[in-house]
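Data block below; observations after.
Residue indices begin at 1 and follow the sequence shown. Computed from a prediction, not measured in an experiment: that's the story for all the values here.
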Amino acid sequence: MSIGSIQGPPVPVSTPLEFVDDAEKNVPAGQQGASSLSRITDSASFSSVAPQLQAALEQISTPGASVVETLANNVHQLQEGFVEALYSTLLREGVDLSTKVTLRLDASSALVVTGEHPNKKNIDSLLSKAPELSTAFSEIASQSAALRDIHSLSTMVMRSTGASRYAMAAANPSDAVYQVSIKGEMNHFYFTAKP
């Protein structure tokens with residue numbers, strides 16, 4: 001299954017198109033490239049692959065042992081285990097959880113406190129001594145992202161909308177970050193825009 005494609009470098013704008021088919025012979029010289037692009041866009045539009053995506057999504061979402069159910073169950077189990085271990089680690093060291101603490105992975109995939117917190121240094125130190133928290137959180141984040149993307153793609157295909165709609169529905173992973181906020185006995189896992 002191919003996720004992307006490899007293409008050669010684009011033809012410089014100053015280079016004339018070598019191929020002109022019958023449909024372009026009557027198009028003014030300066031507009032032939034635009035006509036080719038329009039035909040390519042029409043033939044390679046998202047709607048042309050929508051039926052294949054629909055079939056794949058139906059297979060992914062088949063009740064029983066579907067990928068979606070597996071991911072959802074994994075995320076649920078991982079979140080429960082993560083929260084239990086996180087609270088145990090923080091409370092054992094006397095960290096006051098009456099002030100909201102928000103955690104996310106940093107560039108090196110280590111779990112850290114984001115934003116300002118009175119015990120930021122202490123919490124970051126405790127987290128660095130418990131790498132299993134970072135590993136579990138990374139799994140939660142990646143599997144949650146997969147679920148989000150499957151849902152976005154399913155919504156787009158069911159609405160028979162184009163690629164631009166999908167681009168708006170599915171946040172660009174480079175623009176979103178997964179994090180958890182805890183305060184007292186409450187916790188919340190979510191995606192947010194990068195600061």
Side-chain angles (χ1 to χ4, degrees), residues 1 3-4 53 56-57 60-159 161 163-195:
M1 178 177 172
I3 300 297
L53 283 172
L57 289 167
I60 287 172
S61 302
T62 301
S66 79
V67 172
V68 171
E69 287 175 359
T70 301
L71 287 170
N73 288 335
N74 287 352
V75 168
H76 178 73
Q77 288 178 5
L78 285 163
Q79 285 177 342
E80 283 187 346
F82 173 83
V83 167
E84 185 179 317
L86 176 65
Y87 275 82
S88 174
T89 299
L90 297 179
L91 293 174
R92 182 177 58 240
E93 297 298 326
V95 175
D96 177 16
L97 297 178
S98 63
T99 303
K100 181 173 113 173
V101 178
T102 301
L103 308 173
R104 69 171 60 153
L105 297 172
D106 66 7
S108 65
S109 296
L111 196 61
V112 296
V113 175
T114 184
E116 296 300 318
H117 190 276
N119 295 323
K120 180 177 174 45
K121 287 182 182 179
N122 183 33
I123 296 170
D124 281 342
S125 174
L126 292 172
L127 294 172
S128 70
K129 295 173 188 170
E132 65 278 5
L133 290 170
S134 296
T135 302
F137 192 80
S138 178
E139 282 295 329
I140 296 167
S142 59
Q143 292 188 44
S144 294
L147 274 171
R148 178 195 60 183
D149 292 345
I150 289 169
H151 174 72
S152 296
L153 188 56
S154 295
T155 300
M156 185 275 311
V157 169
M158 290 195 331
R159 292 183 182 164
T161 55
S164 60
R165 180 75 174 174
Y166 178 65
M168 289 187 295
N172 182 339
S174 64
D175 293 335
V177 64
Y178 193 75
Q179 55 189 36
V180 60
S181 292
I182 60 173
K183 182 176 180 181
E185 294 181 12
M186 298 173 52
N187 60 76
H188 177 62
F189 294 82
Y190 56 99
F191 285 97
T192 187
K194 277 188 178 177

Do any side-chain atoms of residues 111-118 form donor-acceptor pairs under 3.5 angstrom with protein atoms, and if so which ones, sequence neighbours left out?
from   : atom 1 : to     : atom 2 : distance (Å)
His117 : ND1    : Asn119 : N      : 3.0

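- Interatomic distance, Asn74 CG to Ser144 OG, rounded to the nearest 0.5 Å: 10.0 Å.
- Taking both residues in full, the closest heavy atoms of Ala193 and Val177 are given as O-CG1, 4.3 Å, listed atom of the first, atom of the second, then distance.
- Between Tyr87 and Glu185, the closest heavy-atom pair is OH-C, 3.6 Å.
- Pairs of residues two or more places apart, or lying in two chains, that qualify as side-chain hydrogen bond (donor to acceptor under 3.5 Å, both in side chains) and include a residue from residues 95-108 are Asp96-Ser98, Thr102-Ser181, Arg104-Gln179, Asp106-Ser108.
- In this structure, Ala176 and Phe191 approach most closely via the heavy-atom pair CB-CD2, 4.5 Å.
- Side-chain contact check for Leu90 versus Ile182: some heavy-atom pair is nearer than 4.5 Å.
- Within the model, atoms OG of Ser142 and OH of Tyr178 stand 10.0 Å from one another, a figure rounded to the nearest 0.5 Å.
- Considering CG of Leu133 and OG of Ser138, their distance stands at 12.5 Å, rounded to 0.5 Å.
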Q.
Val180 vs Ile140, test: side-chain contact (heavy atoms from CB on, under 4.5 Å). Steps then yes/no.
A. CA-CA 10 Å; Val180 60; Ile140 296 167; over 6 Å; no
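- Atoms CG and CD, on Asn187 and Glu84 in that order, are 12.0 Å from each other to the nearest 0.5 Å.
- In this structure, Leu105 and Ser134 approach most closely via the heavy-atom pair CD2-O, 4.0 Å.
- Thr89 places none of its side-chain heavy atoms less than 4.5 Å from the side chain of Leu127.
- For the pair Phe82 and Ala136, the tightest heavy-atom approach, listed with the atom from each and the gap, is CD1-CB, 4.3 Å.
- Applying the salt bridge (charged side-chain N to carboxylate O under 4.0 Å, His left out) definition to pairs two or more places apart or across chains, those involving residues 121-147 are Lys120-Asp124.
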(Q) The test is side-chain contact (heavy atoms from CB on, under 4.5 Å); show your working for Leu86 and Leu103 and say whether it passes. (A) CA-CA 11 Å; Leu86 176 65; Leu103 308 173; 3.7 Å; yes
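- Between the CG atom of Leu147 and the OG atom of Ser152 there is a distance of 10.5 Å, given to the nearest 0.5 Å.
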